[in-house]
Amino acid sequence: MDKTYEPQSIEQQCYQRWEEEGLFKAKGTDAPTGNPYCILLPPPNVTGSLHMGHGFQQTIMDVLTRYHRMKGDNTLWQVGTDHAGIATQMVVERQLNAQGKTRHDLGRDDFISKIWEWKEHSGGTITSQMRRLGTSPDWDREVFTMDENLSKAVTEVFVKLHEDGLIYRGKRLVNWDPVLHTAVSDLEVLNEEEAGHMWHMRYPLADGSGSGSIVVATTRPETMLGDTAVAVHPDDERYQSLIGKEIKLPITGRLIPIIADDYVDPEFGTGCVKITPAHDFNDYDMGKRHNLPMINIFTPDAKMNDEAPEAFRGLDRFDARKQIVEQLEADGILVKVDDHKLKVPRGDRTGAVIEPYLTDQWYVAIDELAKPAIDAVESGEIRFVPENWNKTYYQWMHNIQDWCISRQLWWGHRIPAWYDNDGNIYVGRNEEEVRTKHSLAADVVLKQDDDVLDTWFSSALWPFATMGWPEQTPELETFVPSSVLVTGFDIIFFWVARMIMMTKKFTGKIPFKDIYITGLIRDESGDKMSKSKGNVLDPIDLIDGIDLESLVAKRTSGMMQPQLAAKIEKRTRKQFPEGIHAYGTDALRFTFAAMASTSRDINFDMGRVEGYRNFCNKIWNASRFVLMNTETEDTGRDGGELVLSLADKWIWAQFQQTLTEFEKALGEYRFDIAAQTVYEFTWNQFCDWYLELTKPVLNNDEASDAEKRGTRHTLINVLESLLRLLHPLMPFITETIWERVAPLSALDFKAGDSIMVQPFPAVDAAKKDEQVLADIEWVKRFIVGIRNIRGEMDIAPSKPLSVLLRNVSSDDERRLGISRTFIDRLARLDAITILAAGEQAPASATALVGEMEILIPMAGLIDKEAELARIAKAMDKLEKDLGRFKGKLSNEKFVSNAPPAVIEKEKAKLADTESQLAKLKAQQETIAAL
RNA sequence: GGACGCUUAGCUCAGUUGGGAGAGCAUCGCCCUUACAAGGCGAGGGUCACUGGUUCAAGUCCAGUAGCGUCCACCA
């Protein structure tokens, strides 16, 4: 093996081999063995590229997938991409714009061909990045939401819902994006607080009584052109006399009534509200209640239309606002303008201010679908992890609104509805079916609806459409419901809830059993990663590394707000003066796993990646050590007597514990605990102790062949098992090393075998051994005791010491007997003398192992004052403990109330502390007397 | 307005039915000991945001306060 760990040189080739050999494939449905285990990849946008959130979630999915595959389950990770209607259309439109064209120049069909072309060329970015991450989905089953099969399912669902009366068409106020010229759903509108104004306007009464007027307050004065009433609270005493009268709307001169409605808050503003039913959701409701006319004053571009007086026609809504305010001011109608903070609705894609707009759209009647979906979670059939997300789910589901599913876009699933010239609507799987079903004569002209469906409509069918629905396939039987959905809380409403509703409706089954909600990855100081903040990390850059100049260029190019570039550059240069090192995929994956605790947000810390890169290096070097000692040696693979040392038995026992904890943690989706467990075992037990403990055996001329063989056998087989344990987390390094290690192990290895389809290690009860664990703990305490004194007394680690033991029990003697070679070597001792009872000892520094005292004679080595100081420090600590224990035990309430076991424990601690103190005190006196 | 979450070492975070405060990174000291200086050995560092309550016992349970954050709804 190469002397240093270099991830770049091992990762690519591993992956290619896995994929070519078809190792990611599910066992299938024909003659499946093992329990089905299925994960659905939340299909990333086909326009997307891998961001940290993807990296994080996909790492988790891959850990689960690899783990279950090795456990022998019939494991399928279903992969695919989403056509992402708006995002994709925007990408291709932008390209056209760059050539000075619009999509309208091409026409619908050509534009769609262009998008398909784009998809063929550039749509594979994210899936190739997924491969860099080492993910192991079944690529042969990869689907795209616009594929024929999926499209068929979409049509089928639409038609069936329509037949069941759950899809309807209606003219309503919708969220209109005037840039995209499409309706969007409530969820796609973001309400951000922005600074604005509140204009107070005096509307004169129509009866011309001169002084009679009413002052209304508004944040959108331009909508006054569409006002059809002014409303006050029915109980508002100030305005009782005005209710039922009319006012003369300025500028237009239209007469509109003053109405009374509970909705009005008398405390707010002037207590009078102008009502614009065609351009405000609340006003719309009020308009319906009071049968007010609805005057639409905007074009689809949000410019003033012909309803507006001529002077304002064609003006953009914000220009119109300015001019109308000027006009009102000139006319003396404007009373005052206050600064006012308000929530401005913006489209999540365009950032454009959303306009409530009256249009015909398709809706899904949601109530009937929502009920079973709520039940599925309430009954515990579907489980959120962490559990509290079900509250978020319930809250939304109980207040759910009908879903506007039509979009005025070109890219997407075309709505399967046709219109005749009389405006009749026919819904069906295709035009032919519609004609047959409704017995339409051949000369009836039908035109298909121009709109496409919300992208989330097709995503909602993901759990069953990817399994072949509407055909009754074996996959549908085997992999619905899937095992766990791994996703972020940001799409619980968009996607998770809708999948539950649709899957329940069309298969009668739940789509998944567990929903594991991950935290959101933020930057190191807790800010959301965004292009405009310039704090975005690209997972691929953490894998391959990137030099500073490239990183700066990447972060400052293509910015919406170029003026931020300088700041971002400065920040980047400060944070990454050397760019980003190449940490490799395994280190990144391990980092993601280790950070996956139950918290909501995760602040990404580069120090962690570096630490785990070091961990990879540690594994690499430990493996080199093992191979160095086994590759050309007898490891007992072909028989031969094996004698295991205490250390050999111990590391196996430790491994069983680690394995148990790891599997428990994975079962609870605690990837952080799982990662920590294997990290601790690998570094602190296997490397720090076990490898050191093998040296006294392997380098000992007096050790027998059977002993050496036993240790080599343990070395290679523990490492082999450890690699399999680590594989789900770190696929590349484990595969690479395993190929060298496995042939030396007890496994039946054949050339070309891959670790990823080996069985996961199983707990071996025969290898558990509490006695051995305790014995090695004793050995460790012995060695650490001496190392402490060396460290604190500045005794070179290389200097051999002679020590004396006092107060040695028979158990201590037994342990010394079985571990003498380990202790001599690791503590660097050249002699151990056991003092007989009452025998005089020279002045010594002391370490305690339980009741036993290890004495290091001070003569020529240790300074008297230094040792006294050391003892004083130790005693100080013990005395503090002692005080606490005594206090507790002398508390009558504690003694009479606490469980006996707790009291016994306290007593034992007290006795132990007292004994240690007594020994130190004696030492102190001896040394002080020198 | 409603809901949820967070506050533990200088930094990033664990802490699972309440029973002697942990990890990684950073810091300090010693060490190039034949797997590893991306390392080894050792050390220092915390009134667990605050107040009160329950309890023999609270980082952990309850109530409240402060600060931060997210989601939903929304007063024109």
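Everything numeric here is computed off the predicted structure, so don't read it as measured data. A, B, ... follow the sequence lines: proteins, then strands. Residue 1 opens every chain.
Residue contacts for A:His200: at a heavy-atom cut-off of 4.0 Å it reaches no nucleic acid atom on any strand shown. Nucleic acid contact for A:Arg790: none, since no nucleic acid atom lies under 4.0 Å from a heavy atom of the residue. Residue contacts shown for A:Asp265 include a base, since a base heavy atom lies under 4.0 Å away. Contacts of A:Thr392 with the nucleic acid, taken as non-hydrogen atoms under 4.0 Å apart, are absent.
Per the geometry, CG belonging to A:Asp527 stands 20 Å off P belonging to B:rC6, to the nearest Å. The separation between A:Ile856 atom CD1 and B:rG42 atom C1' is 14 Å, rounded to whole Å.
Cation-pi contact between A:Arg825 and A:Trp689: absent, since separation from the ring centre below 6.0 Å together with deviation from the ring axis within 45° is not met. Stacking of A:Lys618 on the aromatic ring of A:Phe686 is not recorded, the 6.0 Å distance cut-off and the 45° axial limit not both being met.
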Q.
For a quick check, with a 4.0 angstrom heavy-atom cut-off, what is the B/S/- contact string for nucleotides 21-37 of chain B, read 5' to 3'?
A. ---B----------BB-

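A side-chain N or O of A:Asp186 and one of A:Asn175 form a donor-acceptor pair less than 3.5 Å apart. Remark: the A:Lys888 side chain and the A:Ser890 side chain contain no N/O donor-acceptor pair separated by less than 3.5 Å.
Across all strands shown, the partner of B:rU12 is B:rA23, judged by Watson-Crick or G-U wobble contacts whose two distances both fall under 3.5 Å. In this structure B:rG45 sits in no base pair that meets the Watson-Crick or G-U test at under 3.5 Å.
The side chain of A:Lys909 contributes an N or O atom lying less than 4.0 Å from OP1 or OP2 of B:rG20. For A:Ser597, no side-chain nitrogen or oxygen approaches OP1 or OP2 of B:rC13 to under 4.0 Å. Side-chain N/O atoms of A:His581 include none lying less than 4.0 angstrom from OP1 or OP2 on B:rA38. Neither OP1 nor OP2 of B:rC74 sits under 4.0 Å from any side-chain N or O of A:Lys343. Of the side-chain N and O atoms in A:Asn788, one or more sit less than 4.0 angstrom from OP1 or OP2 of B:rA43.
Legend: residues meeting salt bridge (charged side-chain N to carboxylate O under 4.0 Å, His left out) with A:Glu222, ordered by chain and number and at least two apart, are A:Arg220, A:Arg321. Annotation: ring pair (Phe, Tyr, Trp, His ring centres under 6.0 Å) contacts of A:His197 (sequence neighbours excluded): A:Trp199.
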